J.: 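This is the structure, below, for whatever I ask next.
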Amino acid sequence: MRLTAIRGTRDLLPEELVRWRAVEETAREVFGRYGYREIRTPLFEATELFVRGVGAGTDIVEKEMYTFEDRGGRSLTLRPEGTAAVVRACLEHNLFAELPVLKLYYIGPMYRYERPQAGRYREFWQAGVEAFGSDDPALDAEVILCAYDFLTGLGLRSLTIHLNSLGDEERQTYVQALREYLAPHWDRLPARDRERFEKNPLRMLDSKEEITRALIQEAPQVLDFLSEKSRHHLETVCRLLEREGVPYRVNPHIVRGLDYYTHTVFEVTAEGLGAQDAVLAGGRYDHLVEEVGGRPTPGVGFAAGVDRLLLALEAQGVAPEPGPELDLYIAVIGEVRAEALALATRLRRAGYRVDLEFLGRSLRAQMKTAHKRNVPLVALLGEDELREQRATLRDMRSGEQRSVSLEELIPAVAQMLSHSNPN
RNA sequence: GUGAGUGUAGCUCAGGCCGGUAGAGCGGCUUGACUGUGGAUCAAGUGGUCGUGGGUUCGAGUCCCAUCACUCACCCCA
């Protein structure tokens, strides 16, 4: 049988990578403006890191991890998300001691064993930021601001920022209240939501079951259970976002699937994506560092799904013009390949992107290739030209053509390129 | 993990009910009309283990079973 990319993974071909790189560049640029520095961690880690970091009871850990044993009998897992590994690296290299507020970003593939569907892959890319060391709500606001600048910087429109707070210690009180409210309705609950009721009642808040949704309408709200301090934290975040002109909606039904969140949680959805419309999500995680084995260190961050961002950009018709991949194509006629290669080398070392003919095809075929590749300039090198140590330069846009001595070729190329490309 | 739909040329798809020599449109490449010049036009050439494996049959793209993949939704999440 023919070998193919395995389920849920895919190849990114040269054409698509133009857009991928644009997204990555925007991420680096915007994150850099907010003071984040890049970190890269391994694609796999000790399984235990994710069990402790993400949470033993979460779906991610229970049924979605790529876990395997290496030849030394260690249990390893392909990272299902980025935050836990970043925390591990910071602890290992004592980065928290270096700066009182430590800001790091990452871009890379993550792995989850899920059924693939629109906007969901088993190997998918995330770009995320983590800010450690401060529990100031201004940092939460700044992280959301950074996310907002990133998304709008990509050209995305029709975004909704959902904001909520899960509080901290009071979360347990709320969960209990939610259970007490729902318990009398047990008989009416769909099987799925009964499971949630037992395992993770917060999940019922974003249930898609009609009956549950109706019940949730009347249910006690997280926001009413927040402590004075937590409420103040949320209010400050809101006030700062308003002041900076970031549109958001407080949505008490936003819950996250990872256990480590406290206080602020947020999710950004984009239009045109189908069922998987969350394009970026994050929040505060004040206990995660401790959970992974460090001293108590607050943190806040987000992760954006690069694959989904690209789908959303496509759905919203935001397509950057690709621009030519080559500056010049050398068309070769007759036995002049050594000279053609030498010419290409000279031009390349002068900084131009150059390709040339290797198949000995007709000039017509070569011109077609140059045209198809959208090359602005073609240098014609044949035995006639070579005798006089000259080449013919053709501007593919205007059709204008002139003979240039090989010595003056580079300045002539520079001049013709600047002409045909007036920006 | 659950459910539904779909796999035939590079792309979009017909053929399938009712088994009998694999097709169309678009695109790619090569050559020519046009001796060393792209875009437009025309002509010729070039392309498929019908997802894979098995079964039924004299004969399977077509019927049956299995399997893999894709799509969408659930679930979950970025």
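Note that the structure is a prediction, hence the values are computed from the model and not measured. Numbered from 1 within each chain, the chains take letters A, B, ... in sequence-line order.
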J.: Do other residues, nucleotides or ligands put more than 12 heavy atoms under 6.0 Å from A:Glu198 CD?
T.: yes

J.: Using atom CD of A:Gln366 as one end and atom P of B:U30 as the other, report the distance to the nearest whole Å.
T.: 10 Å

J.: Would you mind checking if A:Glu357 and A:Arg361 are paired as a salt bridge, meaning a charged N to carboxylate O distance below 4.0 Å?
T.: yes

J.: Between B:U31 and B:U12, how many Å separate the two C1' atoms, rounded to a whole number?
T.: 28 Å

J.: Heavy atoms only, 4.0 Å cut-off, all strands: where does A:Gly399 land among base, sugar-phosphate and nothing?
T.: base

J.: Which is true for A:Ala331 with a 4.0 Å heavy-atom rule: it touches a base, it touches only sugar-phosphate, or it touches nothing?
T.: nothing

J.: Quick one: label A:Gly274 by what it contacts on the DNA or RNA (base, sugar-phosphate, nothing), any heavy atom closer than 4.0 Å.
T.: sugar-phosphate

J.: Can you check the A:Glu267 CD to B:C76 P distance for me, whole Å?
T.: 13 Å

J.: May I ask you to say what A:Leu363 touches in the nucleic acid, namely base, sugar-phosphate or nothing, with a heavy-atom cut-off under 4.0 Å?
T.: base

J.: Would you say a side-chain N or O of A:Arg364 is under 4.0 Å from OP1 or OP2 of B:G36?
T.: no

J.: So which nucleotide from B:U31, B:G36, B:U2 ends up closest to the side chain of A:Leu380?
T.: B:G36

J.: Using a heavy-atom distance cut-off of less than 4.0 Å, which residues of residues 190-199 of chain A contact RNA chain B?
T.: A:Arg192, A:Arg196

J.: Where the side chain of A:Asp307 is concerned, which of B:C76, B:A78, B:G38 is the nearest nucleotide?
T.: B:A78

J.: Please pick, from B:G36, B:C76, B:G38, the nucleotide with the shortest atom-to-atom distance to any side-chain atom of A:Glu114.
T.: B:C76

J.: Distance check needed: B:C76 P versus A:Glu64 CD, whole Å only.
T.: 9 Å

J.: Would you tell me if any nitrogen or oxygen in the side chain of A:Arg203 comes within less than 4.0 Å of OP1 or OP2 on B:C76?
T.: no

J.: Are the charged groups of A:Glu81 and A:Arg79 less than 4.0 angstrom apart, N to O?
T.: no

J.: What's the closest nucleotide to the A:Lys208 side chain, out of B:A78, B:C29, B:C76?
T.: B:C76

J.: Do A:Arg112 and A:Glu123 meet the salt-bridge criterion of a basic N to acidic O distance under 4.0 Å?
T.: no

J.: Determine the Euclidean distance between corresponding C1' atoms of B:G19 and B:A60; express it in Å to zero decimal places.
T.: 6 Å

J.: With RNA chain B as reference, determine whether A:Arg112 or A:Met396 sits nearer its 5' end, using the nearest nucleotide of each.
T.: A:Met396

J.: Output yes when a side-chain donor or acceptor of A:Arg10 lies under 3.5 Å from a complementary backbone atom of A:Ala5, and no otherwise.
T.: no

J.: Send over the distance from A:Asp355 CG to B:G38 P, rounded to a whole Å.
T.: 20 Å

J.: Using atom P of each nucleotide, how far apart are B:G23 and B:G45 to the nearest Å?
T.: 14 Å

J.: Looking at the side chain of A:Arg308, which of B:C74, B:U37, B:C77 is the nearest nucleotide?
T.: B:C77

J.: What's the gap between B:C75 and B:G3 when it is taken at their C1' atoms, as a whole Å value?
T.: 11 Å

J.: Looking for any heavy atom pair under 4.0 Å, which part of the strands does A:Ala281 touch: base, sugar-phosphate only, or nothing?
T.: sugar-phosphate

J.: Counting the atoms with a prime plus P, OP1 and OP2 as sugar-phosphate, which does A:Gly282 contact under 4.0 Å by heavy atoms, base, sugar-phosphate, or nothing?
T.: nothing

J.: Using atom P of each nucleotide, how far apart are B:G51 and B:C17 to the nearest Å?
T.: 15 Å

J.: Work out how far the C1' atom of B:U8 is from that of B:G16, and round it to whole angstrom.
T.: 11 Å

J.: As a test of reading the structure: which of B:A78, B:C76, B:G3 is closest to the side chain of A:Gln126, going by heavy atoms?
T.: B:A78

J.: Roughly, in whole Å, what's the span from NZ in A:Lys63 to P in B:C75?
T.: 11 Å

J.: How long is the line joining CD of A:Gln401 and P of B:G36, in whole Å?
T.: 15 Å

J.: Does A:Ala118 reach a base, just sugar-phosphate, or nothing at all? Heavy atoms under 4.0 Å.
T.: sugar-phosphate

J.: Salt bridge or not for A:Lys199 and A:Glu62, using N-O below 4.0 Å?
T.: yes

J.: Are any of the side-chain nitrogens in A:Glu209 or A:Arg213 under 4.0 Å away from the carboxylate oxygens of its partner?
T.: no

J.: Using a 3.5 Å limit on both pairing distances, list the dot-bracket string of RNA chain B from the 5' end; Watson-Crick and G-U wobble pairs count, crossing pairs take [ ], interstrand pairs take |.
T.: (((((((..((((......[..)))).((((((.......))))))....(((((..]....))))))))))))....

J.: Looking for any heavy atom pair under 4.0 Å, which part of the strands does A:Tyr329 touch: base, sugar-phosphate only, or nothing?
T.: nothing

J.: Could you check which of B:G36, B:G28, B:G38 has an atom nearest any side-chain atom of A:Glu385?
T.: B:G36

J.: Flag the pair A:Glu38 and A:Arg28 as a salt bridge only when some basic side-chain nitrogen lies within less than 4.0 angstrom of an acidic carboxylate oxygen.
T.: yes

J.: With rounding to whole Å, what would you report as the distance between B:C26 and B:U21 at their C1' atoms?
T.: 26 Å

J.: Check this for me: does any side-chain nitrogen of one of A:Arg373 and A:Asp355 sit under 4.0 Å from a carboxylate oxygen of the other?
T.: yes

J.: Salt-bridged, A:Arg52 to A:Glu48, with N to O below 4.0 Å?
T.: yes

J.: Under a 4.0 Å N-O cut-off, is there an ion pair linking A:Arg171 with A:Asp168?
T.: no

J.: Using atom C1' in both nucleotides, what's the gap between B:G48 and B:A14 to the nearest angstrom?
T.: 15 Å

J.: A:His371 side chain: which of B:G38, B:C75, B:C29 is closest?
T.: B:G38

J.: Round to the nearest Å and state the distance from A:Gln117 atom CD to B:G1 atom C1'.
T.: 13 Å

J.: Want to settle it: does A:Ala304 or A:Glu209 sit nearer the 5' end of RNA chain B, counting the closest nucleotide to each?
T.: A:Glu209

J.: Starting the side chain at C-beta, find the nucleotide from B:U31, B:C75, B:A73 nearest to A:Arg361.
T.: B:U31

J.: Please say whether the positively charged group of A:Arg179, taken as NZ for Lys or CZ for Arg, lies over the ring of A:Phe197, i.e. under 6.0 angstrom from the six-membered ring centre and within 45 degrees of the axis.
T.: yes

J.: Look at A:Ser362 and B:G36 and indicate whether a side-chain polar atom (N or O) is within less than 4.0 Å of OP1 or OP2.
T.: no

J.: Among the candidates B:C70, B:C29, B:G36, find the nucleotide nearest to the side-chain atoms of A:Asp384.
T.: B:G36

J.: Give the rounded distance in Å between these two atoms: NE2 of A:His162 and P of B:C77.
T.: 16 Å

J.: Using only heavy-atom distances, decide whether a donor-acceptor pair under 3.5 angstrom links the side-chain of A:Arg120 to the base of B:C76.
T.: yes

J.: Does A:Thr262 reach the main-chain N or O of A:Asp286 with its side chain, forming a donor-acceptor pair under 3.5 Å?
T.: yes

